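Atoms considered below: every heavy atom in the structure, side chains included; atoms not considered: hydrogens, waters and symmetry mates. Owing to the predicted nature of the structure, the values given are computational and were not obtained by experimental measurement.
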Amino acid sequence: MTTRTVDATQELAAFLRTRRERLDPDAFGLPSRRQARRTPGLRREEVAELAGVSVDYVVRLEQGRGLRPSADVVEALSRALRLAPDERGYLFDLAQQRRRDTDKPAAAAAPPLARLVADLSPLPAMLMNHRYDILAWNGEMARLLLDFDALPPSRRNAMWLCLMRPQMREFYVDRERIVREGIAHLRTAWAAHPEDQALSDLIAECTARDEEFARLWAEREVKVNGRGRKVMRHPDVGEIAVHFETLLPLQDADQQLVIYRAADEESQSALDRVHAIHR
């Protein structure tokens, strides 16, 4: 199928509209107006007033008419729309006003980081890039999730595996939350790497083949998820709860180190049994 990279102008327009429409006018203490509201959220003129820009400027932004707002205007719009920090960063990326940390996406693990992943044993650990490609992993992570060595490199992608691999569809106890958070994180990467054709192809494939992904992607939720809790159904030992932490190396900004730790004593015992079974 035909795919494309980010059309920043059109995505910025859609993002501004959706964020304006979700706001509750009563929360802003705006003067009452005689004309009844026919659509949800704030009016364009109200956003313009809050941001200190003209109504025509907001209209042209929302219509995707090729404007590139300055950093000051992006900041003003972020405040007017009460964007969360991750949403603010997403808007700066769409407006091309945030410095890029890296020009070339990582396609292979940096050797020092690959060694670190191995050295973190017995903690399950892996290395990913911004589009969830799995670049390196240790034995503990493979025994917990799946044998990555048995997969072709093109299929070593955490999002693709979660959505498309039948064995993984029931792996997470709270699957919808995991997928929702992953998509919200992936959207931030999409805006930060607008020329990454491989990422756009991944999104296009997931949208075409998975209704859940298509529905959640259309919601335009944006959130960086670097820490949290997951509960997994392991085929050998049952449920395992883990806390995960994502660390970003300074010298390899596109590589993300993900580390799992047991969330409780029962889960630690389960992890120990997994390692004993496959040792």
Side-chain angles (χ1 to χ4, degrees), residues 1-25 27-28 39-44 46-48 50-51 57-69 73-98 130-132 157-160 162-163 174-226 228:
M1 65 179 297
T2 301
T3 60
R4 64 174 184 171
T5 52
V6 181
D7 185 333
T9 299
Q10 294 303 317
E11 178 58 22
L12 185 146
F15 187 68
L16 289 176
R17 287 195 303 271
T18 59
R19 290 316 181 258
R20 175 175 61 80
E21 291 169 355
R22 75 178 183 179
L23 296 173
D24 180 1
F28 285 77
T39 57
L42 298 187
R43 296 185 174 95
R44 291 189 180 99
E46 292 167 337
V47 171
L50 290 167
Y57 191 82
V58 173
V59 170
R60 286 185 291 159
L61 280 175
E62 289 197 1
Q63 291 177 346
R65 287 160 58 181
L67 298 180
R68 181 179 174 184
V73 170
V74 174
E75 184 61 47
L77 289 169
S78 298
R79 290 195 301 268
L81 296 170
R82 297 188 177 179
L83 299 184
D86 294 334
E87 295 173 323
R88 175 183 174 277
Y90 184 67
L91 187 62
F92 268 83
D93 281 331
L94 292 176
Q96 302 176 41
Q97 292 294 350
R98 185 157 67 169
H130 66 271
R131 56 180 174 249
Y132 288 132
N157 179 276
M159 178 60 71
W160 190 93
C162 184
L163 295 172
D174 191 358
R175 173 184 169 79
E176 178 161 348
R177 178 181 64 83
I178 297 298
V179 173
R180 177 181 292 276
E181 291 178 351
I183 291 172
H185 191 115
L186 197 66
R187 184 172 275 280
T188 67
W190 184 65
H193 300 269
E195 302 304 321
D196 186 351
Q197 186 63 56
L199 176 57
S200 294
D201 290 347
L202 171 67
I203 293 167
E205 180 183 4
C206 292
T207 301
R209 295 182 56 185
D210 189 87
E211 292 182 1
E212 182 182 26
F213 183 97
R215 173 176 59 83
L216 294 173
W217 181 260
E219 293 181 7
R220 287 187 164 82
E221 187 173 339
V222 179
K223 183 176 176 60
V224 175
N225 191 38

- [ ] Taking all heavy atoms of Pro25 and all of Gly41, pick out the closest pair and write down the distance.
- [x] CG-O, 3.5 Å
- [ ] Establish, from distance only, whether the side-chain atoms of Tyr90 and Glu11 form a donor-acceptor pair under 3.5 Å.
- [x] yes
Open item on the list: I'd like to know if the side chain of Arg19 reaches the main chain of Leu81, judged simply by a donor and an acceptor atom lying under 3.5 Å from each other, with no hydrogens or angles considered.
Closed with: no
Task: Straight-line distance of Arg68 CZ to Gln96 CD, nearest 0.5 Å - done: 5.0 Å
Task: Ile183 side chain reached by Met159 side chain, heavy atoms, under 4.5 Å - done: yes
Task: Non-hydrogen side-chain atoms of Asp93 and Trp190 separated by less than 4.5 Å - done: no
Open item on the list: Less than 4.5 Å apart, side chain to side chain, heavy atoms only: is that true for Glu62 and Tyr57?
Closed with: no
Open item on the list: So does Asn225 get a backbone contact from the side chain of His185, meaning a donor-acceptor N/O pair under 3.5 Å?
Closed with: yes
Task: Distance-minimising heavy-atom pair for Asp86 and Val222 - done: O-CG1, 3.5 Å
Task: Value rounded to 0.5 Å, distance of CD in Glu212 from CZ in Arg215 - done: 6.0 Å
Task: Face-on cation placement of Arg82 at Phe28 ring, 6.0 Å and 45° thresholds - done: yes
Task: Straight-line distance of Leu77 CG to Leu61 CG, nearest 0.5 Å - done: 6.5 Å
- [ ] Determine whether Asp24 and Leu42 make a side-chain contact, defined as any pair of heavy atoms from C-beta on separated by less than 4.5 Å.
- [x] no
Open item on the list: Test your reading of the model: is there a side-chain donor-acceptor pair from Tyr132 to the backbone of Gly182, 3.5 Å cut-off?
Closed with: yes
TODO: Decide yes or no for Thr9 and Leu67: does some side-chain heavy atom of the first lie under 4.5 Å from some side-chain heavy atom of the second?
DONE: no
Task: Heavy-atom closest pair, residues Glu205 and Trp160 - done: OE2-NE1, 3.1 Å
Open item on the list: Any non-hydrogen side-chain atom of Val179 less than 4.5 Å from a side-chain atom of Leu216?
Closed with: yes
Open item on the list: Please check: side-chain N/O of Arg131 versus main-chain N/O of Leu186, any donor-acceptor pairing under 3.5 Å?
Closed with: no
TODO: Carefully, step by step, assess Asp196 and His130 under the rule side-chain hydrogen bond (donor to acceptor under 3.5 Å, both in side chains).
DONE: CA-CA 10 Å; Asp196 186 351; His130 66 271; 2.6 Å; yes
Open item on the list: Between Arg20 and Glu46, does any side-chain N to carboxylate O distance fall below 4.0 Å?
Closed with: no
TODO: May I ask you to test the Glu75-Gln97 pair for a side-chain heavy-atom distance under 4.5 Å?
DONE: no
Task: Salt bridge present between Lys223 and Glu181 (N-O < 4.0 angstrom) - done: no
TODO: Could you grab the distance from atom CZ of Arg22 to atom CD of Glu219, nearest 0.5 Å is fine?
DONE: 12.0 Å
Task: Smallest separation among heavy atoms of Arg88 and Ser78, with atom names - done: CG-OG, 3.7 Å
Task: Donor-acceptor pair, side chain of Glu21 and main chain of Thr18, under 3.5 angstrom - done: no
Open item on the list: Looking at every non-hydrogen atom in both residues, tell me the closest pair between Val47 and Ala80 and how far apart they are.
Closed with: O-CB, 4.2 Å
Open item on the list: Does this structure show an ion pair linking Arg187 with Glu221, if we count only N-O contacts that are shorter than 4.0 Å?
Closed with: no
Open item on the list: Let me confirm one number: the CG-SG distance from Asp201 to Cys206, rounded to the nearest 0.5 Å.
Closed with: 11.0 Å
- [ ] Report the distance from atom CG of Leu163 to atom CZ of Arg175, rounding to the nearest 0.5 Å.
- [x] 6.0 Å
